[in-house]
Amino acid sequence: MPDIKHKPDVEAEKPQLQRPPLYHVVMLNDDYTPMEFVIEVMVRFFHKSEDTANKLMLQIHHQGSARCGLFPRDVAETKIHQVETASRTSGHPLRCIMERESSDQ
Ligand code: TYC
């Protein structure tokens, strides 16, 4: 067996400069959750002003969804859990999903 020494190929290695991705929390429309409850959730869990919360809620109502915040993965997961726990406790079907930020923005 030839004795080939494997030097690390520094040129070929991908630079390890990437930070972990962030995730948008996207709130979804439904036909049953009261508008006022959605506004309360935005204020309580996403620290939106009443005015911004109202605008975002209407955007979701008319367009189907809206981004409510951009967070590290574990924080986004916690926010979604908090929203869905509060919603189920109050008997509402409100849902959120996570959307990984795109690398080109
Ligand atoms: N569409 C709901 C209604 O008419 C209101 C609503 C808005 C629900 C935003 C969810 O994320 C939502 N009561």
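Atoms within a ligand are numbered from 1 in the order they appear, just like the ligands themselves. What's counted below: heavy atoms across the whole structure, side chains too, no hydrogens, waters or symmetry copies. Just so it is clear, the structure is predicted and the values come from calculations on it, not from any experiment.
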Requested in this report: May I ask you to decide if H24's main-chain N or O and E99's side chain share a donor-acceptor pair within less than 3.5 Å?
Outcome: no
Query - Derivation and outcome, side-chain contact (heavy atoms from CB on, under 4.5 Å), residues V83 and F46 - result: CA-CA 10 Å; V83 169; F46 298 97; 3.7 Å; yes
Report task. Take V43 and E40 through the test side-chain contact (heavy atoms from CB on, under 4.5 Å) and record every step on the way to the result. Result -> CA-CA 5 Å; V43 171; E40 279 171 30; 5.9 Å; no
Query raised in the report: Measuring from each atom of ligand 1, which residues have a heavy atom under 4.0 Å away?
Result: M27, L28, N29, D30, T33, M35, V38, M57, I60, H61, L94
Query raised in the report: Does the R88 side chain pair with the main chain of L94, one donor and one acceptor, at a distance under 3.5 Å?
Result: yes
Query raised in the report: With the 4.5 Å side-chain cut-off for hydrophobic clustering, are L56 and V26 part of the same group?
Result: no
Query raised in the report: Partners of E77 by salt bridge (Lys or Arg N to Asp or Glu O under 4.0 Å), sequence neighbours excluded?
Result: R73
